[in-house]
Asks: 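Here's a structure for you.
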Amino acid sequence: MSRKNNTNSDTNSDTILDICILTAGRADLFEKCLDTLIPMMKPEYQLYVFNNGAPSPAYSELYKKFPMTVKQTNVNVGYPAGEIGRAHV
């Protein structure tokens, strides 16, 4: 894929599908999710990740490995607040 990892991307006008993943504190499961999802991605798909208060080196490495737009909180604000983050896509 030619899209680059971007933490503040503009919406791509060619995007036909937005995929949103909410994660917190389980980089191991997040990586398994990405390992399954990424091979199915097409250039017109956009991946958004909302990391709800789980900054860590493991997540940072995954952000570099896969094309995605990342939004992150510094503290876990709970699932409902994480869901609200999707409105910022």
Asks: Could you tell me the separation between the CD atom of Gln46 and the CE atom of Met41, rounded to the nearest 0.5 Å?
Replies: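 That separation rounds to 7.0 Å.
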Asks: Do you know the tightest heavy-atom contact between Leu62 and Met68?
Replies: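 In terms of heavy atoms, the two residues are closest at O-CE, 3.6 Å.
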Asks: Between atom OG1 of Thr36 and atom CD of Glu31, what is the distance when rounded to the nearest 0.5 Å?
Replies: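 Separation between the atoms: 10.5 Å.
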Asks: Would a hydrophobic clustering, with Ile, Leu, Val, Met, Phe, Trp and Tyr connected at side-chain separations under 4.5 Å, put Phe66 with Leu29?
Replies: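 Shared cluster, no.
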Asks: Write down the atom of Thr73, the atom of Gly53, and the distance for their closest heavy-atom approach.
Replies: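 Residues Thr73 and Gly53, closest heavy atoms: OG1-N, 2.8 Å.
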Asks: May I ask you to test the Ile21-Tyr48 pair for a side-chain heavy-atom distance under 4.5 Å?
Replies: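 Ile21 does not reach Tyr48 side chain to side chain.
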Asks: Are side-chain heavy atoms of Leu47 and Leu34 found at a separation under 4.5 Å?
Replies: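 They are in side-chain contact.
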Asks: Atom NZ of Lys71 and atom SG of Cys20: how far apart are they, to the nearest 0.5 Å?
Replies: 10.5 Å
Asks: Would you please say whether a donor-acceptor pair under 3.5 Å links the side chains of Tyr63 and Asn51?
Replies: yes
Asks: Would you please test Phe50 and Thr23 for side-chain contact (heavy atoms from CB on, under 4.5 Å) and show each step?
Replies: CA-CA 6 Å; Phe50 301 94; Thr23 184; over 6 Å; no
Asks: What is the distance from atom NZ of Lys65 to atom OG of Ser60, rounded to the nearest 0.5 Å?
Replies: 14.0 Å
